Amino acid sequence: MNSFSYIFLFCLVASIITQWVLVKRHVQHIRANRANVPADFSEKIPLESHHKAADYTQAKVKTGLAELIIGSLILLGWTMGGGLQFLDNHVRALGLAEIYTGALFIMAVFLISSILDIPMSLYRTFKLEQSFGFNKMTVGLFFADMIKNGIVAAIIGTPLLLLVLWIMENSGSYWWIYVWATWLGFSLLMMWAYPAFIAPLFNKFRPLDNEELRTRIENLLTRNGFKSQGIFVMDGSTRSTHGNAYFTGLGANKRIVFFDTLIDELSYDEIEAVLAHELGHFKCNHIKKRITVLGTVFLVGLGILGWLINEPWFYSGLGAGIPSDHMALVLFMIASPAFTFFMQPLFSSISRQHEFEADDFAADQAQTENLITALVNLYRENANTLTPDPLYSAFHDSHPPAPIRIAHLKSKFA
Ligand SMILES: [Zn+2]
């Protein structure tokens, strides 16, 4: 234990206490508003749905808090408990070259972390989601997904990992700039390749065959000069009843994907409005802005790691005896959330700002009323609470709470 150990522990404990207080506030706020549907929604949302949303949200955030505490104990086990050093000693005993030792060590950390994660993930899917009627996944599919994910991660991740470790070893003190450029190039490549090559391994995609809906969507896209590879329907219902729609891919490889569940839940007018919102994200350059923000955060992060990697106190403070490139990478990856947690309100607020902008765009393109009813339907079907605690929401919500979002739409365009 050195001073850095105490700073790390202080930040970790502070972030856990903060999250615990936020969850407590959130649950109290939801309970206090459980008896009645908020006035603006009383015609559209039955009391039964309001109760379900309240109960589901409480169960979800409590599960999240339990996961946070278990995750923090695992983190302490890896670091100060000596788990990483123990693993490092065993991988080193194999006597491989430094780069292969590093890659094997990092893959072992990932594998063990994924295995430790299984019980919580099972609980989330087959207890939490199941008890509120959202889960459609079978145990067989759950494990098949996991194995497939592991294989895809190994095939894609291994060469990347070897490349990063090679750069770190061979490119001097500015290695972090080269690693950053590699990461950025790789991320863009993955964004491009994901819809065509990876997503189909997990889901079935079929072209949207409904003539009327397709024509309406194509009109909306042409009107906005948006080129894509097509409109697809995904069998989201094999895993969950939660509905969604999204744009995916990069450049000419862009696609529009609707969950089959969404098509069942919304009218054509509403689907068009939801799509207009998604299109708004593109038109307002939110994807580019997000890549810029993420890229900057990563560059700063890697720059900091470029300094820490040469400081013995960084390793010993986190329970690792032998400094190395691979140890520095893993320590940085697992320890940094404790330090960056308090930046979350900033990122959440940027994301909510983008949602408002996309809503404004959608309201210009489609009927505002359709977007409002689509949102109300989606909030009801997904059992999202209408009455979040404002402070909790400021920290965690990437999307504005329904009442604020709908009031915004009404004030601007109704
Ligand atoms: Zn959005």
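Any value given below was found using the heavy atoms of this structure, including those in side chains, with hydrogens, waters and symmetry copies removed. Bear in mind that the values here come from a model prediction, so they are computed numbers and not experimental data. One-based numbering, in listed order, for ligands and for the atoms of each.
For Asp397, the side-chain hydrogen bond (donor to acceptor under 3.5 Å, both in side chains) partners two or more places apart in sequence, or in a different chain, are Ser393. Not a single ring-ring contact (aromatic ring centres under 6.0 Å, His included) links Phe232 to another residue, sequence neighbours left out.
The atom of His281 that is an N, O or S and sits closest to the Zn ion (ligand 1) is NE2.
Applying side chain to side chain contact (heavy atoms under 4.5 Å, CB included) to Ile406 and the options Thr373, Val376, Thr368 leaves one that passes, Val376.
Remark: Arg34 engages Asp55 in a salt bridge, criterion side-chain N to carboxylate O under 4.0 Å.
Not one N, O or S atom of His354 sits under 2.8 Å from the Zn ion (ligand 1). Checking His277 against the Zn ion (ligand 1), an N/O/S atom falls under the 2.8 Å cut-off. Inclusion of Glu355 in the first shell of the Zn ion (ligand 1) is supported: an N, O or S atom falls under 2.8 Å.
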